4 protein chains.
Amino acid sequence: MSKSKETLMGSQVTSHVEDEALVERRRAQIVTAATELFAKKGFYRTTVKEIAKLAGVSPGLVYLYVREKEDVLLLVLLQVVEGYAAEIPKAIEGIDDPLLRLMKTVDAYCRVVDRLSAATVLAYRSTKSLSVERREIIQDRELETNEIVAEAIKGCMDAGLISRVNVDVLIYQLVLAAHGWALKSWYLRSRVSLDDYVAGCLENLLTGVMSDKGKGLFENTLQNLKEYTETEGADDV
Amino acid sequence: MSKSKETLMGSQVTSHVEDEALVERRRAQIVTAATELFAKKGFYRTTVKEIAKLAGVSPGLVYLYVREKEDVLLLVLLQVVEGYAAEIPKAIEGIDDPLLRLMKTVDAYCRVVDRLSAATVLAYRSTKSLSVERREIIQDRELETNEIVAEAIKGCMDAGLISRVNVDVLIYQLVLAAHGWALKSWYLRSRVSLDDYVAGCLENLLTGVMSDKGKGLFENTLQNLKEYTETEGADDV
Amino acid sequence: MSKSKETLMGSQVTSHVEDEALVERRRAQIVTAATELFAKKGFYRTTVKEIAKLAGVSPGLVYLYVREKEDVLLLVLLQVVEGYAAEIPKAIEGIDDPLLRLMKTVDAYCRVVDRLSAATVLAYRSTKSLSVERREIIQDRELETNEIVAEAIKGCMDAGLISRVNVDVLIYQLVLAAHGWALKSWYLRSRVSLDDYVAGCLENLLTGVMSDKGKGLFENTLQNLKEYTETEGADDV
Amino acid sequence: MSKSKETLMGSQVTSHVEDEALVERRRAQIVTAATELFAKKGFYRTTVKEIAKLAGVSPGLVYLYVREKEDVLLLVLLQVVEGYAAEIPKAIEGIDDPLLRLMKTVDAYCRVVDRLSAATVLAYRSTKSLSVERREIIQDRELETNEIVAEAIKGCMDAGLISRVNVDVLIYQLVLAAHGWALKSWYLRSRVSLDDYVAGCLENLLTGVMSDKGKGLFENTLQNLKEYTETEGADDV
DNA sequence: AATGAATGAGAATTCATTCAT
DNA sequence: GATGAATGAATTCTCATTCAT
């Protein structure tokens with residue numbers, strides 16, 4: 001996790017250009033344009049020419065930084081999953097209370113998904129468009145994110161706040177809750193706010209698995225989460 | 001729900017051929033072939049020629065039963081969502097106990113998803129490849145399925161088994177649980193059995209929302225579900 | 001040698017079209033156009049679009065009868081070498097005198113080369129542009145032609161007309177003499193007639209290898225060849 | 001023949017660089033790299049970038065010493081034909097016996113061809129890839145080489161060793177014999193040694209054209225040639 | 001109704017050449 | 001003089017769709 005996002009990206013895709021800083025800059029240009037277009041029209045309906053045009057470069061230039069079109073998709077998807085892997089840890093930094101930490105993890109996950117909504121849907125649509133090797137790169141990154149969720153759950157279990165549970169199932173229920181905000185936004189967004197969605201998911205999923213000890217803390221901690229988030233939100237402004 | 005599946009399909013896609021029975025037969029041929037190919041290689045990587053070949057017809061024939069390639073995708077996805085909408089009601093037919101009914105709904109949903117796994121993933125990948133109007137047709141059908149889940153939840157609430165809850169959120173958590181079995185099968189399938197997955201999802205999601213009255217019944221009903229399913233499974237043989 | 005030229009060609013290159021007669025007709029169209037263009041501008045400077053245009057078909061059609069552009073080159077070169085392999089035997093049919101037979105072989109070879117002059121040069125330019133497997137197909141055909149020359153030489157040796165000789169070297173001297181008429185036509189054509197070229201080559205190459213017995217016949221037979229050719233030429237008119 | 005090879009090359013292709021010595025050095029670098037690549041992959045399959053890389057320079061630099069890619073081909077082919085024109089005279093220097101001189105000419109020609117085998121084939125493939133003016137430059141050089149052969153033949157005729165003959169035809173038969181060693185090396189090399197090939201060609205081609213006087217000397221002189229060559233070979237060590 | 005040959009627009013990719021540094 | 005990033009025209013090949021038979 002010590003490598004920067006760019007370096008990670010660079011390690012997967014080869015470029016004909018030497019200057020690493022330039023490679024990062026150009027790739028960022030390309031990825032930004034491609035993300036927008038892929039999200040709007042999908043990978044196959046987007047042409048390299050369109051990407052180049054939106055990125056303000058020539059079509060030929062794209063191929064100086066990428067071997068084939070599919071590499072652009074890989075870079076785009078890497079940015080998404082690495083967005084997850086980067087933002088969530090930042091959000092839970094310094095939080096010691098295991099339950100709040102878990103809640104905050106889910107909360108942060110839902111918020112990144114909200115921010116990268118189109119890209120998240122894109123990831124679901126397009127991961128299978130990648131070659132097997134590239135697909136595995138993405139799945140590996142997704143597992144890293146899951147690991148963060150798993151750690152948060154384990155923290156609660158160690159603290160005796162969560163009792164019995166099939167951890168694998170719970171992880172994916174939480175992950176899917178987060179992803180679901182993007183996947184089903186066409187239905188949810190008009191019916192429930194993100195705040196209520198997060199709270200609802202947490203209540204439904206966590207209440208059931210809490211130990212008696214945990215139950216006592218649940219409502220309170222959920223309240224903390226809300227305040228916490230509001231404060232942070234205010235900071236942004 | 002009075003119209004047959006075929007008639008529904010027919011109503012969305014126009015054909016140059018008069019004989020309705022023939023239309024149904026040909027479309028079934030085409031859709032079966034297309035589903036297999038789309039699931040394996042995706043919509044864009046599959047050619048009309050390939051579909052025709054696998055269906056044992058000529059490429060030209062496809063266009064007698066469909067206006068464009070995207071219509072084939074629509075028919076394929078319709079079959080998936082209508083698979084959901086048909087099988088779940090069948091599974092809960094005659095069950096009166098509201099909690100068992102809800103559990104059985106989720107259980108049946110997960111099992112259809114398991115059976116149509118590739119097609120379910122396909123639906124996630126490809127719905128956005130449809131034109132807006134076609135996409136809405138699919139989403140409407142998905143809503144019908146959700147309605148079944150919603151009814152089952154409402155049944156429990158009316159019976160006082162479920163207390164407070166954001167129903168929209170709970171619906172989608174249950175739906176995503178079912179879909180998740182296909183979407184994350186690459187991770188889950190090697191770690192947990194379908195039976196355990198269903199049980200786990202139900203425990204995690206429902207325990208939390210049960211009223212005190214409901215809680216008392218939960219374990220028992222879950223046990224009933226398991227027996228129920230086993231018996232049915234045996235019947236099939 | 002029982003298969004027709006077209007069948008031979010068909011056996012090397014696969015087509016998406018079933019109807020064999022159609023395949024032959026279309027390929028002939030394509031090859032005729034391609035030969036003209038390749039001869040004029042070379043393989044790489046000729047585009048598939050140009051070939052299609054000259055052949056009076058669409059660019060897409062070309063790919064119904066050929067897998068890639070290089071296949072067109074293969075078909076073109078096959079036609080050249082099979083032109084050799086077909087015309088020479090026809091020219092020596094029914095000739096029993098071994099020496100006349102050898103002379104007539106060389107004479108016929110030079111005349112095909114003269115007729116397919118541009119294509120012969122093309123073969124020299126472009127054989128190395130083929131993939132190894134395709135190149136070998138062409139070389140195999142060339143060996144078949146050489147075999148005809150070899151047989152004619154052997155006939156003379158068996159009849160005691162030619163004495164000592166490294167047959168491999170002599171074969172290629174005769175073959176190169178024929179090819180040379182096309183390869184160096186830029187120089188030769190303005191300085192010597194084809195008839196004189198053939199006679200000159202034969203004199204220079206054969207006199208040296210004749211046995212005493214052969215020498216006695218040489219001038220006479222060469223005279224025969226000239227008359228023979230003239231008569232035939234007259235027949236054509 | 002007073003101008004140096006470099007100057008000749010320089011006179012055909014313009015450069016943006018002033019310093020003549022530098023021009024020669026850079027061009028030599030480029031031509032060496034290009035020859036290797038053209039011989040291996042052909043002119044069109046070789047990119048300027050590849051040439052530059054193998055030459056250890058930047059792609060941009062190539063264009064300081066050459067106006068376009070085709071100029072590189074011209075320089076490469078010039079080097080080949082000038083290789084012929086330079087080595088053959090060196091080999092016959094000081095030989096007075098006209099017949100030995102002729103034999104030695106052919107022998108030397110075959111040996112340059114053997115040494116520049118790939119480049120000779122390249123010349124056959126690629127001369128037509130040149131623009132007409134450039135092609136004529138190469139053909140002019142080839143004529144110069146032919147002139148050497150012609151002189152040697154004429155020497156024999158003047159000495160009464162060769163009788164009647166169409167000189168133009170004989171020249172090209174000898175030239176093609178030499179070139180043939182490279183052109184048909186795929187067949188010949190495994191069947192006959194270069195020494196035997198040269199001897200065979202000379203026997204076949206010259207015996208036939210010898211006068212009675214010449215015939216008497218032939219075998220002896222051929223023997224001389226072999227010894228001569230062996231000695232020279234030994235000298236090299 | 002069915003066929004499958006034909007079309008041609010359009011996509012990815014390459015590479016000779018230029019030019020700012 | 002040298003570099004190498006950038007350009008964009010040009011090329012091969014694909015495939016949805018049509019239509020004569």
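Quantities reported herein were computed from a predicted structural model and do not represent experimental measurements. Order of the sequence lines sets the chain letters (A, B, ...), proteins ahead of strands, with each chain counted from 1.
- Every residue two or more places apart in sequence or in another chain was checked for a side-chain hydrogen bond (donor to acceptor under 3.5 Å, both in side chains) with R135(D), and none qualifies.
- Rounding to whole angstrom units, CD of residue Q29(C) and P of dA5(E) are separated by 15 Å.
- Near DNA chain F, meaning a heavy atom under 4.0 Å from it, residues 37-58 of chain B has T46(B), T47(B), V48(B) in order of number.
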statement: Pairs under 3.5 Å (Watson-Crick or G-U), crossing ones as [ ], inter-strand ones as |: DNA chain F comes out as .||||||||||||||||||||
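- Both tests do not hold together for K128(B) against Y124(A): distance to the six-membered ring centre under 6.0 Å, angle to the ring axis within 45°.
- Rounding to whole angstrom units, CG of residue L64(C) and C1' of dT17(F) are separated by 14 Å.
- Between L22(B) and L61(C), the residue anchored closer to the 5' end of DNA chain E is L22(B), taking for each the nucleotide with the nearest heavy atom.
- Scanning for side chain to side chain contact (heavy atoms under 4.5 Å, CB included) contacts around E68(C) gives D71(C), R134(C), with sequence neighbours left out.
- For the atom pair CG (L130(B)) and CG (L73(B)), the distance works out to 4.5 Å, reported to the nearest 0.5 Å.
- Rounded to an integer number of Å, the gap from I30(C) CD1 to dA5(E) P is 13 Å.
- Applying the side chain to side chain contact (heavy atoms under 4.5 Å, CB included) criterion to A123(C), with sequence neighbours excluded, gives L77(C), T127(C).
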Taking only N/O atoms, report every protein-nucleotides 19-21 of chain F pair under 3.5 Å with atom names and distance.
none

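- For Y65(C), there are no ring pair (Phe, Tyr, Trp, His ring centres under 6.0 Å) partners at least two apart in sequence or on another chain.
- For residues 67-74 of chain B, proximity to DNA chain F is found at E68(B), K69(B), defined as any non-hydrogen atom under 4.0 angstrom from a strand atom.
- A119(C) meets the side chain to side chain contact (heavy atoms under 4.5 Å, CB included) test with T35(C), V80(C), L116(C); sequence neighbours excluded.
- In terms of the ring pair (Phe, Tyr, Trp, His ring centres under 6.0 Å) criterion, Y63(C) has no residue partners (sequence neighbours excluded).
- Here the OG-CZ distance, from S129(A) to R125(B), works out to 4.5 Å after rounding to the nearest 0.5 Å.
- Looking at which nucleotide of DNA chain F each of H16(A) and H16(D) is closest to, the 5′-most match is held by H16(D).
- Look at CD on E20(A): it is 15 Å from P on dG4(F), rounded to the nearest Å.
- Checking side-chain atoms of Q29(B) against main-chain N and O of A55(B) turns up a donor-acceptor pair under 3.5 Å.
- Looking at residues two or more places apart in sequence or on another chain, you find a side chain to side chain contact (heavy atoms under 4.5 Å, CB included) between K41(D) and R45(D), T46(D), E50(D).
- K40(A) NZ to L122(A) CG: the interatomic distance, rounded to the nearest 0.5 Å, is 13.0 Å.
- Checked against side-chain hydrogen bond (donor to acceptor under 3.5 Å, both in side chains), E36(D) has no partners two or more places apart in sequence or in another chain.
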